Colleague: 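Sharing a structure here in structure tokens format.
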Protein chains: 2
Amino acid sequence: MMDLNIKEPTTRNAKTTFQEIEKSAIKLFYKNGYHATTIADITDDAGVAAGTLYLYFPSKLVLYKHLLLTFSHNIRRYIAARVNKMESRYDKEREGVKAFIEYARKNPEMYNIIWESLYIDRDLFRDYYMSFAKRYKKGLDAAVKQGELREIDTDVVSFVLMGIANFIGLKVVFKLGERNDDIDYIVDVVMDLIKNGLFKERE
Amino acid sequence: MMDLNIKEPTTRNAKTTFQEIEKSAIKLFYKNGYHATTIADITDDAGVAAGTLYLYFPSKLVLYKHLLLTFSHNIRRYIAARVNKMESRYDKEREGVKAFIEYARKNPEMYNIIWESLYIDRDLFRDYYMSFAKRYKKGLDAAVKQGELREIDTDVVSFVLMGIANFIGLKVVFKLGERNDDIDYIVDVVMDLIKNGLFKERE
DNA sequence: TCACATTATGAATGGATATTCATATATTAG
DNA sequence: CTAATATATGAATATCCATTCATAATGTGA
């Protein structure tokens, strides 16, 4: 695992300080983006002095990477936990899309922080999507073996499904278009499409 | 239309200068992102003095917005031109996905420049995707009326289809996963999915 | 209670860079 | 040809901001 040289706090109060810095950084990176957010903005918001941030994080970049990895870890855990409860591939797929959207709505900061990696450290961006895709592909391959999915290129399919989840999440988070509060309805439409296709006639 | 206060050049040589600045800015915003690209980087690359840039663009931000609007305009024109040649909705959909991917591959800068708007001017980002989605929805609504598509929420579907095109484009541009040079093959897989769904049994 | 380690402060530093402007050259219209 | 206009230069300016560091306060183990 990438060593970020973050110094974990040990005392009770210091742990609070650490978390306050994280919280403020997430809030401000989301609101204004990485570059427009200054160290002073973060430390002011957290109610600590500028130097305090450097007790824990050696640089602004490392703070950002730390948050990215945390989000990346959390969303995967969250989705996996919910998907694993399901039996059929259909239910897994439905739950996966739903979990993604719900996580995105609860943590709208995620989009900004993950996508912004494209402009901050392109390798982080690549790694994030590649490892997400790989895990997705694994699940799909298993389902093909079980005979639940048609024989289809699971590498391509994993990107198709990630694209769907991400853009539906985008729609919900940024309230683009209609009915963005009714997640169950939106998931129904998406699953209908994934199951039955877009066109009227099959073959 | 948003007035950016760009001063168009009139003489032959000045037009070249203007285009050189555009070209260098695209190249560098793509390569290093908006914030990491300095005015000096752009003007050095274009072979002009720093002050020259300000003859045409009142600020770095306006230069960026100008490029974003140009891309946004171009990709829509490009896709529309190709889609309009097709008769059936199936062929239109296939050609639309293929055109998007091919445009993205020929102009990989597009991704960076459009997505980065989320961190530079969030309204630009919203406007871009909302107007894209609206136009998409119109085409889908027409196809539903013609009886070519199933009765399905075209607002949601437009985001699903944009998500698919964008993430497949991402896969191809960033060479994530396999077979990224074989666009026809990838489009085949995507269309198979859109037509026949993911699962083995229907209903 | 006393040394030692950890945590906190915030003013000072140093480097970076968008933009301006005084000056110079090229182009065009009459 | 000549004024007027458009184009080009690049050093100087003024601001911004990540990081450091000398100093102080707080917590901890013996």
Side-chain angles (χ1 to χ4, degrees), chain A residues 4-29 31-68 113 116-117 119-121, chain B residues 4-29 31-68 113 116-117 119-121:
Chain A
L4 296 179
N5 267 342
I6 290 171
K7 179 123 166 256
E8 300 278 347
T10 57
T11 72
R12 185 176 232 32
N13 286 344
K15 270 178 190 153
T16 307
T17 303
F18 186 88
Q19 285 163 1
E20 288 298 320
I21 291 171
E22 284 182 319
K23 239 196 288 175
S24 298
I26 289 170
K27 183 170 106 185
L28 293 165
F29 285 162
K31 200 164 149 232
N32 304 320
Y34 175 82
H35 288 99
T37 301
T38 68
I39 298 293
D41 290 340
I42 295 170
T43 51
D44 285 357
D45 188 87
V48 299
T52 304
L53 189 147
Y54 290 87
L55 289 178
Y56 304 106
F57 304 97
S59 70
K60 184 181 170 186
L61 182 59
V62 165
L63 168 56
Y64 167 80
K65 285 188 185 179
H66 163 69
L67 296 176
L68 175 74
I113 291 186
E116 197 167 14
S117 66
Y119 310 101
I120 295 172
D121 185 327
Chain B
L4 296 178
N5 267 342
I6 290 171
K7 180 122 164 255
E8 299 278 346
T10 56
T11 72
R12 185 175 230 41
N13 285 344
K15 270 179 191 151
T16 308
T17 302
F18 186 89
Q19 285 163 1
E20 289 298 320
I21 292 171
E22 283 182 319
K23 242 196 288 176
S24 298
I26 290 169
K27 183 170 105 185
L28 293 165
F29 285 161
K31 201 166 147 228
N32 305 321
Y34 176 81
H35 288 98
T37 301
T38 68
I39 297 292
D41 290 341
I42 295 170
T43 52
D44 285 358
D45 189 88
V48 300
T52 304
L53 190 148
Y54 289 88
L55 289 177
Y56 304 105
F57 304 97
S59 70
K60 185 182 171 186
L61 182 60
V62 165
L63 169 55
Y64 167 81
K65 286 188 184 179
H66 164 70
L67 295 176
L68 175 73
I113 291 186
E116 196 167 14
S117 67
Y119 311 101
I120 295 173
D121 185 327

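Note that the structure is predicted; figures quoted are calculated from it, not measured.
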Colleague: Anything under 30° is parallel, anything over 60° is perpendicular, the rest tilted; go ahead and classify Tyr34(A) against Phe29(A).
Modeller: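 Rings of Tyr34(A) and Phe29(A): tilted, as their planes differ by 30° to 60°.
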Colleague: Sort and list the pairs that fulfil salt bridge (charged side-chain N to carboxylate O under 4.0 Å, His left out) and have at least one residue in residues 52-63 of chain B, not counting sequence neighbours.
Modeller: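 Sorted result for residues 52-63 of chain B: empty, none.
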Colleague: How does each nucleotide of nucleotides 12-30 of chain C score, in 5' to 3' order, for protein heavy atoms under 4.0 Å: base (B), sugar-phosphate only (S), or none (-)?
Modeller: -----SSBB------S---
Colleague: Using the C1' atoms of five pairs at each end, what's the angle between the two axes of the helix from dT1(C)-dA30(D) to dG30(C)-dC1(D), to 10 degrees?
Modeller: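 About 20°, once rounded to a multiple of 10°.
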Colleague: Treating Ser117(A) as the side-chain partner and Ile113(A) as the backbone partner, does any N or O pair qualify as donor plus acceptor under 3.5 Å?
Modeller: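 Answer holds: no.
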Colleague: Describe the nucleic acid contact of Tyr56(A) in one word from base, sugar-phosphate, nothing, applying a heavy-atom distance below 4.0 Å.
Modeller: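 Sugar-phosphate contact only - Tyr56(A) comes under 4.0 Å of backbone atoms but never of a base.
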Colleague: Looking at dT7(C), I'd like to know if its phosphate oxygens (OP1 or OP2) sit under 4.0 Å from a side-chain N or O belonging to Thr10(A).
Modeller: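 For dT7(C), OP1/OP2 do have a side-chain N/O of Thr10(A) under 4.0 Å.
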Colleague: Whole angstrom is fine here: how far is it from CG in Leu55(B) over to C1' in dG10(D)?
Modeller: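 To the nearest whole Å, that distance equals 13 Å.
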Colleague: How about Phe57(B) and His66(B): are their ring centroids closer than 6.0 Å?
Modeller: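 Centroid distance Phe57(B)-His66(B): below 6.0 Å, so yes.
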Colleague: Rounded to whole Å, how long is the line connecting atom NZ of Lys15(A) with atom P of dT7(C)?
Modeller: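 Going from NZ in Lys15(A) over to P in dT7(C) covers 10 Å.
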Colleague: If you compare every side-chain N and O of Thr17(A) against the phosphate oxygens of dT7(C) (OP1, OP2), does one of them come in below 4.0 Å?
Modeller: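 So the side-chain polar atoms of Thr17(A) never come under 4.0 Å of the phosphate oxygens OP1 or OP2 of dT7(C).
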Colleague: To the nearest angstrom, how far is Leu63(A) atom CG from dT19(D) atom P?
Modeller: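 Atom CG in Leu63(A) sits about 10 Å away from atom P in dT19(D).
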